[in-house]
Amino acid sequence: LTAAEHRAGPIGYGLLVLAATGAPALGARLTRATLPSLSRRRLLALALLTQGVALILAGLVLDFVLVLLLTVLAGLAAGIVVSAGRTLLAQEVEEARLPKVTEHLFAVLRAVVAAALVAVPLIAAAYGDVEYGTVEPGSFTFIHGGAALAVATSGLLTLVLAAVVLLRTDDRRGTAPFVRDLVDSVRGSSGPVPHRGAGTGFFIALEGGDGAGKSTQAQALAEWIRGKGHEVVLTREPGGSPVGQRLRGLVLDVGNTGLSHRAEALIYAADRAEHVENVIRPALARGAVVITDRYMDSSIAYQGAGRDLAATEVARISRWATGGLLPDLTVVLDVDPTRARERFTEALDRLESEPTEFHQRVRAGFLALAAADPARYLVVDGSQAPGFVTTAIRHRLDRELPLSEQEKAARAEQERLAKEEAERRAAEEARKKAEAEAAERKRQELLAQLRAEQAEKERLAEEEAERAAAEARRKAEEEARR
Ligand code: TMP
């Protein structure tokens, strides 16, 4: 209908269909690369916003080429909406239920699209052509077809949806304002940039609120990984180095009330710089597996999301302090702070004593970081029994942890045995085949011999018969003569 209203002809119609179907597919593919440091929830809201505005404009502009371009933009945004939505879903729904929930949501989506295909032309018809003003030059005129108005209406509804998503699910509210976060993401300055190159080891960070069970998991994982034959360095922040120990005392001392937030952030960063330089990097260079109980994300969540500092700035300080060293895998143990509090047995330190709202923001901060980079994160429900949590982490590590020398040797031995077995089987098979061939050859020879004997017999019998016949003829002739 839009193509018809613009008198775009069959080519225009084809281009419009191409834009409306191809752009979403392209958008879905580009989602990961789109503002990677922006939280996926914010990206979802932003994409909805873009889609809404593009649709409204597509309904209002009169130039068909512009309509096409705006349709491409709306389509790209729609692809990002679906793809970012999927990522968020994977983040929030238990793995076992995920396929079912996804299937259900996509069924709903298909039903909505089908309903829209029927409803939108009807809405367009209900609008009919709308004309305001006069056509005299210089005066305001508003002349639009029903289809254009229906498109603009759908854009308006999308904007409402964007607002709901932003208000109801924004995970960084209270930390970085949306616009600043967006500007930072566009500049590419927020969130750490993946970086390895500290040797052949493997770097795991355990993160989460206080009382999430990180130390228990760190111990269990260390034991399991050691069992595989790796050297494991189990460490923590703050306090993973001798200087770090003193910084830990300083920053957690309840006596230091009123410590400025920036000073607090810098003490954690100083501890981290020392930790990375003297403990983590040397261990990774040796090829060890490093498990740290807290790392950079704790600063971004506690000092960024929890306090009033900008998460992007806190991240930048940490990046500088660590020379950009990022974990290969960050495991976020997620628990509701009120439930986690029940696990505390000792006197609360300076940060643990913060109110529940602070810890709620910290929790949201961790989840936002994980949602922004699912490939490098694993979020596990920390309220489950410790054994279940360990199993979930082990599943992921099974896929990502490099093989230890011991495992490599065992695997090589296994391969050698398998090869030997295959060779033995092949030899056995060849021997059997040779035997069978020899037997067959013998059989053929015998058969040939029998045939030759038979032929010889037949030849003799024929000769005998001929001779008898000749004799009979001779006798008969003799008889006749007589
Ligand atoms: P821990 O008790 O888990 O060792 O951590 C000590 C406290 O320090 C904990 O409440 C979280 C807090 N913390 C930060 O606020 N920022 C950071 O960067 C780190 C590593 C910890």
Side-chain angles (χ1 to χ4, degrees), residues 175 191-192 203-219 221-222 234-241 243-277 279-280 290-322 325-327 330-335 337-338 340-341 343-366 368-369 382:
T175 56
F203 185 18
I204 305 166
L206 288 170
E207 298 279 13
D210 296 280
K214 292 181 303 302
S215 332
T216 314
Q217 291 306 323
Q219 297 275 3
L221 287 177
L234 183 55
T235 177
R236 70 165 175 176
E237 286 189 11
S241 62
V243 172
Q245 284 289 355
R246 299 172 66 176
L247 292 173
R248 182 183 172 90
L250 197 68
V251 79
L252 295 183
D253 186 353
V254 269
N256 289 333
T257 42
L259 179 69
S260 84
H261 294 168
R262 283 168 193 263
E264 181 184 286
L266 287 170
I267 295 176
Y268 280 117
D271 166 73
R272 184 159 305 127
E274 186 66 12
H275 190 209
V276 166
E277 178 78 14
V279 179
I280 301 178
V290 176
I291 304 176
T292 179
D293 180 344
R294 294 196 184 281
Y295 190 58
M296 201 184 270
D297 289 2
S298 279
S299 280
I300 303 174
Y302 279 82
Q303 279 68 51
R307 305 278 190 223
D308 56 355
L309 304 175
T312 50
E313 281 168 11
V314 177
R316 202 175 302 143
I317 295 169
S318 262
R319 210 159 58 232
W320 181 78
T322 60
L325 179 71
L326 278 191
T330 298
V331 179
V332 175
L333 298 180
D334 182 44
V335 274
T338 38
R341 250 159 208 267
R343 294 182 177 172
F344 293 162
T345 45
E346 294 165 16
L348 302 186
D349 64 36
R350 211 172 53 82
L351 278 111
E352 284 165 352
S353 326
E354 289 290 336
T356 309
E357 299 79 66
F358 172 86
H359 290 283
Q360 294 285 13
R361 287 201 299 275
V362 169
R363 180 189 190 192
F366 280 125
L369 285 166

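Basis for what follows: all heavy atoms, side chains included, without hydrogens, waters or symmetry-related copies. When a ligand or atom number is given, it counts from 1 through the structure's own listing order.
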Peer 1: Looking only at distances, please establish whether an N/O atom of ligand 1 is found under 3.5 Å from an N/O atom of Tyr295.
Peer 2: no
Peer 1: Rounded to the nearest 0.5 Å, what's the gap from OH on Tyr268 to CZ on Arg248? Could you check?
Peer 2: 8.0 Å
Peer 1: Polar contacts were defined as any N/O atom of the residue lying under 3.5 Å from an N/O atom of the ligand; does this apply to Glu352 and ligand 1?
Peer 2: no
Peer 1: Could an N or O of ligand 1 be found under 3.5 Å from any N or O of Arg272, whether backbone or side chain?
Peer 2: yes
Peer 1: Which of the numbered atoms in ligand 1 are below 4.0 angstrom from a heavy atom of Ser298?
Peer 2: 16 (N), 17 (C), 18 (O), 19 (C), 20 (C)
Peer 1: Give me the residue, atom name and distance of the protein heavy atom closest to atom 3 (O) of ligand 1.
Peer 2: Arg294 NE, 2.8 Å
Peer 1: I need the nearest protein heavy-atom contact for atom 4 (O) of ligand 1: residue, atom name and distance, please.
Peer 2: Arg248 NH1, 2.9 Å
Peer 1: Starting at CD of Gln217, measure out to CG of Asp293 and round the result to the nearest 0.5 Å.
Peer 2: 11.0 Å
Peer 1: From Leu369 CG over to Asp297 CG, what is the distance, rounded to the nearest 0.5 angstrom?
Peer 2: 4.5 Å
Peer 1: Give me the residue, atom name and distance of the protein heavy atom closest to atom 9 (C) of ligand 1.
Peer 2: Asp210 OD1, 3.2 Å
Peer 1: Hey, could you give me the CD/CG distance between Glu237 and Leu206, rounded to the nearest 0.5 Å?
Peer 2: 12.0 Å
Peer 1: Under 4.0 Å between a side-chain nitrogen and a carboxylate oxygen: does that hold for Asp308 and Arg361?
Peer 2: no
Peer 1: CG of Leu351 to CZ of Arg307: how many Å apart, nearest 0.5 Å?
Peer 2: 5.0 Å
Peer 1: Below the 3.5 angstrom mark, is there an N/O of Gln303, backbone or side chain, next to an N/O of ligand 1?
Peer 2: yes
Peer 1: Provide, to 0.1 Å, the distance between atom 18 (O) of ligand 1 and the closest protein heavy atom, together with that atom's residue and name.
Peer 2: Ser299 OG, 2.5 Å
Peer 1: Using atom types as modelled and distance alone, determine if a side-chain donor or acceptor of Arg363 lies under 3.5 Å from a backbone N or O of Asp334.
Peer 2: no
Peer 1: Hey, are the side chains of Thr292 and Phe203 touching, using non-hydrogen atoms and a 4.5 Å cut-off?
Peer 2: yes
Peer 1: Polar-atom distance check: Tyr268 versus ligand 1, any N or O pair below 3.5 Å?
Peer 2: yes
Peer 1: Which of the numbered atoms in ligand 1 are below 4.0 angstrom from a heavy atom of Leu351?
Peer 2: 10 (O), 15 (O)
Peer 1: Looking at Glu237, which atoms of ligand 1 are within less than 4.0 Å of one of its heavy atoms?
Peer 2: 4 (O), 20 (C)
Peer 1: To the nearest 0.1 Å, how far is atom 7 (C) of ligand 1 from its closest protein heavy atom, and which atom is that?
Peer 2: Leu252 CD2, 3.6 Å
Peer 1: Check contact between Glu264 and ligand 1, using heavy atoms of the residue and a distance below 4.0 angstrom.
Peer 2: no
